[in-house]
Engineer: 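Quick one: structure below, then a few questions.
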Amino acid sequence: MRREKRREEREKGLKRRQRRRFSVSTNTQSRAVQAFWAMHVEATNWSGMGVREYAAALSLSPYALRKWRDRLDDGEIEIDWRAHLHPSARPVVGTSAKESASESHLTGAANDAAQTPATPVRRFFSDEQKLAIVMETEQPGTTVSSVARKHGIVTGLLFRLAGGVRRSAKETCKTRFRRAGGRRSSHALSATA
């Protein structure tokens, strides 16, 4: 009695391990599994690779791929795997000319005229504009985020601009200090304050 149970458990374990080896089911009852294998059989045919080569590239069982190829070729199973795709991955098919150039959220509209974006892709600020924006943040009662929102930039860029303005002010002071012969001039002192 115990021997039989152990033997059955061992056989179940072997079957489980064999099933988990490639982590893909070969159940003929499931429409999703049929669609999966139909897609791979078609891809194998179009790829120009052999079954073993294709299966190795995608970590599939070459035995299962051959078996499904034979099933589909014999007409034992007929399935249109494209019908089982997620709706967002399906191509839009229509009969009218208006629908043929439909716009997807993944691709833009197929217009011949190039559309210019509402806001430029990248804006460039002059040094004076940068300084003016940074000085706005120094005003009492204003927040960095409100100034950034007003100018249409992110707060991180505003902090980077402020750091750049401070660095350039320090470099200007150092240059003036060196030109003055190592003595602090009244002009250099007023710039650092």
Side-chain angles (χ1 to χ4, degrees), residues 23-24 30-33 35-40 42-44 46-49 54 56-60 79-193:
S23 71
V24 178
S30 171
R31 301 291 288 169
V33 173
F36 173 85
W37 285 109
M39 180 202 60
H40 280 293
E42 186 174 319
T44 304
W46 279 95
S47 70
M49 291 194 265
Y54 182 86
L58 294 172
S59 301
L60 297 172
I79 188 165
D80 179 22
W81 60 267
R82 289 172 188 82
H84 292 276
L85 287 174
H86 189 273
S88 65
R90 287 187 205 145
V92 179
V93 179
T95 56
S96 73
K98 289 181 185 176
E99 293 175 9
S100 64
S102 65
E103 184 177 342
S104 169
H105 69 283
L106 298 175
T107 59
N111 291 342
D112 293 335
Q115 294 178 346
T116 56
T119 58
V121 176
R122 187 172 190 152
R123 296 183 309 182
F124 295 95
F125 296 102
S126 66
D127 291 339
E128 293 81 25
Q129 289 173 321
K130 291 176 188 176
L131 182 61
I133 293 171
V134 170
M135 294 308 286
E136 274 185 58
T137 61
E138 304 292 325
Q139 300 298 322
T142 60
T143 61
V144 174
S145 60
S146 66
V147 173
R149 235 179 282 123
K150 177 182 171 186
H151 292 283
I153 58 176
V154 295
T155 55
L157 176 60
L158 191 48
F159 282 112
R160 193 177 309 140
L161 291 177
V165 167
R166 283 190 211 105
R167 257 185 264 115
S168 64
K170 280 184 183 178
E171 289 172 7
T172 304
C173 289
K174 285 180 184 177
T175 307
R176 288 182 182 155
F177 182 73
R178 286 187 198 119
R179 285 185 188 155
R183 294 171 283 132
R184 286 191 176 239
S185 65
S186 60
H187 188 71
L189 287 173
S190 65
T192 58

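Atom set for the values below is all heavy atoms of this structure, side chains included, hydrogens, waters and symmetry mates excluded. Bear in mind that the values here come from a model prediction, so they are computed numbers and not experimental data.
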Engineer: Mind listing the closest non-hydrogen atom pair of T137 and T142 along with its distance?
Structural biologist: O-OG1, 3.6 Å
Engineer: With sequence neighbours left out, which residue pairs that include part of residues 131-156 fulfil the salt bridge (charged side-chain N to carboxylate O under 4.0 Å, His left out) condition?
Structural biologist: E136-K150
Engineer: Which heavy atom in F125 sits nearest to a heavy atom in K130, and how many Å separate them?
Structural biologist: O-CE, 3.3 Å
Engineer: Measuring from L131:CG to Q129:CD, what's the distance to the nearest 0.5 Å?
Structural biologist: 11.0 Å
Engineer: Looking at every heavy atom in both I153 and I133, which two are closest together, and how far apart are they?
Structural biologist: CD1-CG2, 4.5 Å
Engineer: Within a 6.0 Å radius of atom CE on M135, are there more than 12 heavy atoms belonging to other residues, nucleotides or ligands?
Structural biologist: no
Engineer: Nearest 0.5 Å, please: how far is OG1 in T44 from CG in L60?
Structural biologist: 8.0 Å
Engineer: So, taking the atom named NE2 in H151 and the one named CG in L161, what distance separates them when rounded to the nearest 0.5 Å?
Structural biologist: 10.5 Å
